[in-house]
Participant: 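Take this structure, written in structure tokens, and hold onto it; I'll ask about it next.
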Amino acid sequence: MILIFSGDAKEKDIDNAVKKIEAIGFHPHISRGALRTIVGITGDDRAIPEEEFNQLPGVEQILHVLKPYKLASRDFHPDDTVIKVNEKLIGKGTFTVIAGPCSVEDSEQVETIAAFLESLKLKFIRGGAFKPRSSPYSFQGLGEDGLKILRHSADRHGLAVVTEVLSAHDVELVGRYTDIFQVGARNMQNFALLKALGRVKKPILLKRSMMAKVEEFLLSAEYIMKEGNSDVILCERGIRTFETATRNTLDIAAIPVIKRFSHLPVIIDPSHSMGDWHYVNPASLASIAAGADGLIIEVHPDPLLAKSDGKQSLSPDRFKNLFKQLEKISKVLEIDIQ
Ligand code: PEP
Ligand code: MN
């Protein structure tokens, strides 16, 4: 249930409602928009005494959010969410390009990519140190040594770090090095991990499971938000269908669908969606045109030598070509690319 306050509601009216919600054992979530404030009450709606809230000063309307996700829904937060990472913004009017290798392999590899991204004035580097590989015999990542390499080069080149955390147990360790926690597709329904990330003070890049419906994806975001962390970036990375020509099927339709029902930023991972560098450009261009808020792309100094996902990784030259095309489209769409 959400309480919508009138534009001229006083701060003390909102405080009063918040206290009342807490007094009956529910959790209030405040969303301050440009025009009005909304206070969400999560829990079993039937147990909330609606008539008591109806009478409160400042309350203009009470709405029941019919979707199973509440805090992630547009009803609760009508404006698009903009996420601040250090001084950089993700969402609404900015198109964020995050790039870097699938796995952190050594300091030279990461340094080459970090310097390259800085030369393009990009702001975010990705790289996995804890890798969720389908086979236990594949390269599993460098662990904390990899995080140190990533942090070091990111700091040298003014970049923010995006890296994956595989389990709730590693949240504290990964949090010492990263600016954004990535939750991989295979962990989208690792609820213990989602809850742990709901208690950190850094944004979460939540990838859609290859088997999840949009509704399940948003419910996973809800797990994080319910614990108090509303800085969730949704990442579509392809779903599994009957088609095997590409590694996964990029669900471009998820962009407008999510944007209709949720206020959270949506970014696309064309690398894992397509699984082959040949298709990364068209998938990226389609994504910006369809209204995505950004991309996360795998780039490797020498894709043929990559320890993971070389086939889908762009070389720096190929990435540069793509970036030029994205810049052209961003001008037409009047989006600030960064
Ligand atoms: C990755 O980003 O390298 C990765 C493993 O992605 P996903 O979880 O989408 O498969
Ligand atoms: Mn990868």
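Both counts, for ligands and for their atoms, begin at 1 and track the order of listing.
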Participant: Counting from 1, what ligand 1 atoms have a heavy atom of Pro132 closer than 4.0 Å?
Facilitator: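 Under 4.0 Å from Pro132, ligand 1 has these atoms: 5 (C).
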Participant: Is there a nitrogen or oxygen of Arg126 sitting under 3.5 Å from a nitrogen or oxygen of ligand 1?
Facilitator: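 Among all N and O atoms of Arg126, at least one is under 3.5 Å from an N or O of ligand 1.
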Participant: Checking a contact table here: which protein heavy atom is nearest atom 6 (O) of ligand 1, and how many Å away?
Facilitator: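 Here the nearest protein heavy atom works out to Lys207 NZ, 2.9 Å.
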Participant: Assign the ring pair Phe319 / Phe323 to parallel, tilted or perpendicular, where the plane angle (0 to 90°) is split at 30° and 60°.
Facilitator: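 Plane angle under 30°, so parallel.
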Participant: Suppose we only allow N, O or S atoms; which atom of Asp309 ends up nearest to the Mn ion (ligand 2)?
Facilitator: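 Of all N, O or S atoms in Asp309, the Mn ion (ligand 2) lies closest to OD2.
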Participant: Can you list the atoms of ligand 1 that are under 4.0 Å from a heavy atom of Gly184?
Facilitator: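 So the atoms of ligand 1 that pass are 8 (O).
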Participant: Students should be able to answer this: which protein heavy-atom is nearest to atom 8 (O) of ligand 1, and at what distance?
Facilitator: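 Looking only at protein heavy atoms, the one closest to atom 8 (O) of ligand 1 is Ala185 N, 2.8 Å.
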Participant: For ligand 1, which atoms sit closer than 4.0 Å to a heavy atom of Glu298?
Facilitator: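 Those atoms are 3 (O).
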Participant: Enumerate the atoms of ligand 1 whose separation from the nearest heavy atom of Lys131 is less than 4.0 angstrom.
Facilitator: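 Every atom of ligand 1 under 4.0 Å from some heavy atom of Lys131: 1 (C), 3 (O).
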Participant: Any side-chain donor paired with an acceptor under 3.5 Å for Asp309 and His272?
Facilitator: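 Asp309 vs His272: donor-acceptor pair found between side chains.
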Participant: I need the contact type for Ser103 against ligand 1. Using non-hydrogen atoms and a strict under-4.0 Å cut-off, is it side chain, backbone, both or neither?
Facilitator: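 Answer for Ser103: neither.
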Participant: Say whether Gln312 and Ser271, considering side chains only, have a donor N or O and an acceptor N or O under 3.5 Å apart.
Facilitator: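 No - no donor-acceptor pair under 3.5 Å links their side chains.
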Participant: With atoms numbered from 1 as shown, which atoms in ligand 1 lie under 4.0 angstrom from a non-hydrogen atom of Arg237?
Facilitator: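 Ligand 1 atoms under the 4.0 Å threshold to Arg237: 7 (P), 9 (O), 10 (O).
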Participant: Do any N/O atoms on Asp309 end up under 3.5 angstrom from N/O atoms on ligand 1?
Facilitator: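 Looking only at distances, the answer is no, because the N/O contact criterion of under 3.5 Å is not met.
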Participant: I need the atoms of ligand 1 closer than 4.0 Å to a non-hydrogen atom of Cys102, numbered in the order shown.
Facilitator: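 Numbered from 1, ligand 1 contributes 3 (O).
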Participant: Salt-bridged, Arg176 to Asp170, with N to O below 4.0 Å?
Facilitator: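 Result for this pair is no, no salt bridge flagged.
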Participant: A side-chain contact here means heavy atoms from C-beta on lying under 4.5 Å apart; do Asp276 and Thr246 qualify?
Facilitator: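 The answer is no; the side chains never approach within 4.5 Å.
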Participant: Does Gln182 come within less than 4.0 Å of ligand 1, judged by its heavy atoms?
Facilitator: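 Gln182 counts as a contact of ligand 1 under the 4.0 Å cut-off.
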Participant: Output the atom name for the N/O/S atom of His272 with the smallest distance to the Mn ion (ligand 2).
Facilitator: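 Of all N, O or S atoms belonging to His272, NE2 is the one nearest the Mn ion (ligand 2).
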Participant: If you round to the nearest 0.5 Å, how far is CD1 of Ile2 from NZ of Lys70?
Facilitator: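 Those atoms lie 10.0 Å apart.
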Participant: Counting non-hydrogen protein atoms only, what is the nearest one to atom 4 (C) of ligand 1? Give residue, atom name and distance.
Facilitator: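 Answer, as residue, atom name and distance: His272 NE2, 3.4 Å.
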Participant: Would you call the rings of His263 and His77 parallel, tilted or perpendicular, where under 30° means parallel and over 60° means perpendicular?
Facilitator: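 If you compare the ring of His263 with that of His77, the planes turn out parallel.
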Participant: Does Asp293 reach the main-chain N or O of Ile267 with its side chain, forming a donor-acceptor pair under 3.5 Å?
Facilitator: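 No.
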Participant: Taking only Lys NZ, Arg NE, NH1 and NH2, and the carboxylate oxygens of Asp or Glu, determine whether Asp79 and Arg36 approach each other closer than 4.0 Å.
Facilitator: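 No, this pair does not count.
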Participant: Of all the atoms in ligand 1, which lie at a distance below 4.0 Å from a heavy atom belonging to Arg186?
Facilitator: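 This gives 7 (P), 8 (O), 10 (O) as the contact atoms.
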Participant: Of all the N, O or S atoms in Glu298, which one sits nearest to the Mn ion (ligand 2)?
Facilitator: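 Restricting Glu298 to its N, O and S atoms, the minimum distance to the Mn ion (ligand 2) goes to OE2.
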Participant: Measuring from atom NZ of Lys12 to atom NZ of Lys19, what distance do you get when rounded to the nearest 0.5 angstrom?
Facilitator: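 Nearest 0.5 Å value for the NZ-NZ distance: 11.5 Å.
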Participant: Would you call Arg126 and Glu298 a salt bridge, using N to O less than 4.0 angstrom?
Facilitator: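 Yes, Arg126 and Glu298 are salt-bridged.
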